[in-house]
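The block underneath contains the structure these notes are about, expressed in structure tokens.
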Amino acid sequence: MTEIPLQKSVFQRNQAQADRIRRRFAQAGLAVVNLLSSPGAGKTSLLEQTAARLAGRRRIFVVEGDLETERDADRIRAAGLPARQIQTHGACHLDAESIEQALTDVDLNAYDLLLIENIGNLICPTGFDLGEDVRVVVASTTEGDDKPHKYPEAYHASDVCVLNKIDLLPYVPFRVEAFLAAARRANPGLVFFQTSCTTGEGIDAWCEYLCALHRSPA
Ligand SMILES: Nc1nc2c(ncn2[C@@H]2O[C@H](COP(=O)(O)OP(=O)(O)OP(=O)(O)O)[C@@H](O)[C@H]2O)c(=O)[nH]1
Ligand SMILES: [Mg+2]
């Protein structure tokens with residue numbers, strides 16, 4: 001019983017910080033996307049593909065979240081985008097405060113799009129607003145098509161669902177229609193993309209969606 005007020009205050013504190021950085025993002029006219037998935041679904045690969053496609057079309061900054069290592073930020077920088085790595089050293093999600101700190105010395109006016117890769121898990125990140133405009137859940141065909149049934153909040157709390165690794169469909173027992181139906185059941189308003197980061201299939205449609213995102217300066 002005593003845990004309830006404590007948990008509520010953690011969420012309330014995060015919400016106040018998220019509202020504050022959302023105003024900063026709005027003043028800079030920056031559109032913000034928060035990517036969630038289980039470990040290894042392909043978030044960084046999707047960002048690498050996005051970097052290759054949108055170079056010169058949008059000014060993009062990336063924030064990477066992991067428990068340990070700078071590996072994902074290094075991959076993004078190698079793909080040509082500026083990136084900041086947050087290492088949480090055990091915490092299972094990013095919060096608005098960590099995003100604000102990571103961006104302290106970044107000139108937000110110099111960018112159109114901020115892409116945030118959250119920690120790889122489908123549970124903890126769902127409760128934490130990072131000041132984003134759009135939340136994206138990335139699923140992959142190697143995870144099984146039942147995941148929206150088992151982790152409905154990740155789908156319910158997202159605006160977009162990217163089904164990645166579709167190149168592996170001939171080799172894995174994954175029913176796309178069953179997956180889509182389960183995801184729609186969790187959230188009928190989801191926008192879907194199907195992608196392969198190895199063949200490039202579907203990446204253009206995803207990038208066009210990102211290009212169309214914009215936040216008018218407040
Ligand atoms: N076949 C196939 N492999 C993929 C695809 N996308 C990513 N991978 C592979 O999946 C593995 C994990 O990809 P990452 O991009 O590191 O996944 P992630 O979600 O960023 O992982 P974490 O940050 O650790 O949660 C890598 O070996 C990728 O090469 C895809 O579309 N098809
Ligand atoms: Mg990654």
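Ligands are counted one by one from 1 in listed order, and the atoms in each one are counted from 1 as well. Residue numbers start at 1 and run along the sequence shown.
Atom CZ of Arg175 sits in a sparse spot, with 12 or fewer heavy atoms from other residues, nucleotides or ligands closer than 6.0 Å.
Counting heavy atoms under 4.0 Å from ligand 1, residue Thr199 does not touch it at all. At a heavy-atom cutoff of 4.0 Å, ligand 1 is contacted by no atom of Val138, backbone or side chain.
Near Leu168, with a cut-off below 4.0 Å to any heavy atom, the atoms of ligand 1 are 1 (N). Below 4.0 Å from some heavy atom of Ser196 lie the following atoms of ligand 1, by number and element: 31 (O). Counting the atoms of ligand 1 from 1 in the order shown, those under 4.0 Å from a heavy atom of Ser45 are 6 (N), 7 (C), 13 (O), 14 (P), 15 (O), 28 (C). The contact set between ligand 1 and Pro39, taken as ligand atoms under 4.0 Å from a residue heavy atom, comprises 25 (O). Interface of Asp72 with ligand 1, defined as ligand atoms under 4.0 Å from a residue heavy atom, comprises 23 (O).
Between the side chain of Asn187 and the backbone N or O of Tyr155 there is at least one donor-acceptor pair closer than 3.5 Å. Proximity of a side-chain donor or acceptor of Glu48 to a complementary backbone N or O of Ala79 within less than 3.5 Å is not detected. Of the possible donor and acceptor atoms, one in the side chain of Thr141 sits under 3.5 Å from a partner among the backbone N and O of Lys165. Formation of a donor-acceptor pair under 3.5 Å by the Arg135 side chain with backbone atoms of Leu36 is not found in this model. Under a 3.5 Å cut-off, the side chain of Arg53 and the backbone N or O of Asp204 do not form any donor-acceptor pair.
For the 3.5 Å distance criterion, the side chains of Asn34 and Asn118 qualify, holding a donor opposite an acceptor. Under 3.5 Å, the side chains of Thr198 and Asp167 contain a donor-acceptor pair of N or O atoms. For the residue pair Thr195/Asn164, the side-chain donor-acceptor check at 3.5 Å is satisfied. Between Gln85 and Asp66, the side chains place a donor N or O and an acceptor N or O closer than 3.5 Å (distance only, hydrogens not considered).
Sorted by chain and number, the protein atoms of type N, O or S within less than 2.8 Å of the Mg ion (ligand 2) are Thr44 OG1, Asp72 OD2, Glu117 OE2.
Under the 4.5 Å side-chain criterion, counting only non-hydrogen atoms from C-beta, Phe174 is in contact with Leu163. Side-chain contact between Glu201 and Gln194 is absent, with no heavy-atom pair separated by less than 4.5 Å. Contact of the Ile116 side chain with the Glu132 side chain is not registered, since no non-hydrogen atoms from C-beta on lie closer than 4.5 Å.
Considering backbone and side-chain atoms alike, Gly42 places an N or O below 3.5 Å from some N or O of ligand 1. At under 3.5 Å, not a single nitrogen or oxygen of Ile166, backbone or side chain, sits near a nitrogen or oxygen of ligand 1. In terms of N/O distances under 3.5 Å, ligand 1 is approached by Ala41. At under 3.5 Å, not a single nitrogen or oxygen of Gly120, backbone or side chain, sits near a nitrogen or oxygen of ligand 1.
Here Glu70 pairs with Arg77 in a salt bridge; the nearest charged N to carboxylate O distance falls below 4.0 Å.
The nearest protein heavy atom to atom 30 (C) of ligand 1 is closer than 4.0 Å.
If you check which protein heavy atom lies closest to atom 21 (O) of ligand 1, you get Gly40 N, 3.0 Å. Protein heavy atom at the shortest distance from atom 1 (N) of ligand 1 is Asp167 OD2, 2.8 Å. The protein heavy-atom contact nearest to atom 6 (N) of ligand 1 is Asn164 ND2, 3.1 Å. Of the protein's heavy atoms, Arg75 NH1, 2.9 Å lies nearest to atom 16 (O) of ligand 1. Given atom 18 (P) of ligand 1, the protein heavy atom at minimum distance is Lys43 N, 3.5 Å. For atom 4 (C) of ligand 1, the nearest protein heavy atom (residue, atom name, distance) is Lys165 CE, 3.7 Å.
Judged by the shortest distance from any of its heavy atoms, Glu117 lies inside the 4.0 Å radius around the atoms of ligand 1.
Of all heavy-atom pairs between Pro148 and Ala186, the closest is O-CB, 4.5 Å.
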